[in-house]
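Scroll down for the structure; my scribbles are underneath it.
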Amino acid sequence: MIDRRALLRSAGAAFVPVLAPCRAQAQGRPAHIGYISFRPGPNEFEQAFLRGLRERGWVEGQNLVVDFRWASFDRQRVASMVAELLALQPALIVVPDGWSSGAAGMIRSQNPAMPIVAPAFGDPIAQGVTTSLARPDGNATGVSVFATELAHKRLEYLKEAVPGLRLAAALYNAAGPPALGVAVSVAAGKPLGIEVVAMPVLLPQGIDAAFAAAVRQGVQGVAIVSSTATITHRAPLCAMSLAHRLPTIFSNRTYLRAGGLLSYGPDLEGVFHRAAYFVDRILKGAKPIDLPIEQPTTLQLVLNQGTAKALGMRFPQSLLLRADEVIQ
């Protein structure tokens, strides 16, 4: 069991900007990086990332060029976008979807020397990205977001919010690669006395039908196995969980802005903000192998009182007292 206040993992170097210019800048050219996402376009995560770069002295359009590519969940486009970016010879490529879109693997196979920064690895060791967090091999580094480690704790919080919880579902994107957290979530329910069933959903068109089927099965709560697709479609996910009166727990507070009930995990915007540190270091000459993959040192339990009221439920006082944030 993970204690969110006692969980201390290495956070790497301090957030201190280093003002030495990179080689390209010294020669009068702006630094150049690539950025390829499986999503349809930018959101608050890119805002946090660019803000982190500005705080370290890198301003897009001045001393930095960022070549963005958006695949809109089209895997066939990923390959051509990777080829386009590699042809531009950037100093590094940021892959915000971790390893799930396939982009990072393509980059590695076509140019093993290209540095890769992943703001939100799911589980870099389980995904075969590296054999070590402390000294990442394969020219990729970034931040890991506990995609598998927190499944038990999330179910524990869901059970506390839903007294008598005996049957839950682990909802995941059926169109993507096998989600890391599904098997872990199913197994995590056993010591809690909860049967957890896998709930594949085609996003966004299959959400309503999936929630309706879950209700017919007697599912009493849903744990969302987070992915690029579930975050992108968080609004309909939250709307349908409310429409079908199914309490749902998410991996981070980003979902709660769309009306989610509760979440537990790292601050994803903070994770993307931190990714700027790795970009900064690489632009100034560091190698990915010398930049340990980090894990967030703080985890947030966030509750949404408005959604609880709409579901006709109340959070127990014990949960409210432990919450890091309560949205009214």
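By convention here, the first residue in the shown sequence is residue 1. The analysis underlying the following values was restricted to heavy atoms, covering all of them including side chains, and did not include hydrogens, waters or symmetry mates. Please read these numbers as outputs of a predicted model, since none were measured by experiment.
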Verdict with supporting geometry, Glu156 and Lys153, salt bridge (Lys or Arg N to Asp or Glu O under 4.0 Å): CA-CA 5 Å; Glu156 192 176 273; Lys153 195 65 180 177; 2.7 Å; yes

Residues that Gln328 engages under side-chain contact (heavy atoms from CB on, under 4.5 Å), provided they are two or more places apart: Gln305, Val326

Pair listing, salt bridge (charged side-chain N to carboxylate O under 4.0 Å, His left out) test, anchored in [range], at least two apart:
range: residues 238-247; result: none
range: residues 229-244; result: Glu44-Arg234
range: residues 126-146; result: Arg135-Asp290
range: residues 30-42; result: Arg39-Glu46

Aromatic plane relationship, Phe272 with Phe45 - under 30° parallel, 30 to 60° tilted, over 60° perpendicular: parallel

Restricting to side-chain hydrogen bond (donor to acceptor under 3.5 Å, both in side chains), what partner residues turn up for [X], sequence neighbours left out?
X: Ser251; value: Ser226
X: Arg253; value: Glu325
X: Thr254; value: Asn252
X: Asp67; value: His32

Please list every donor-acceptor pair under 3.5 Å in which a side-chain atom of residues 214-225 meets a protein atom from a residue at least two apart or in another chain.
from   : atom 1 : to     : atom 2 : distance (Å)
Gln220 : OE1    : Arg166 : N      : 2.7
Gln220 : OE1    : Leu167 : N      : 2.9
Gln220 : NE2    : Gly164 : O      : 3.3

Sequence neighbours excluded - side chain to side chain donor-acceptor pair (under 3.5 Å) pairs with any residue from residues 189-215: Asp208-His244

For Ala140 against Arg108, the heavy-atom pair lying closest together: CB-NH2, 4.0 Å

Exercise: identify the closest heavy-atom pair between Ala310 and Leu242: CB-CD1, 3.6 Å

With a cut-off of 3.5 Å and sequence neighbours excluded, list every side-chain donor-acceptor pair involving residues 78-90.
from  : atom 1 : to    : atom 2 : distance (Å)
Ser80 : OG     : Arg77 : O      : 2.9
Glu84 : OE1    : Arg69 : NE     : 2.8

Donor on one side chain, acceptor on other, Thr228 and Asp97, under 3.5 Å: yes

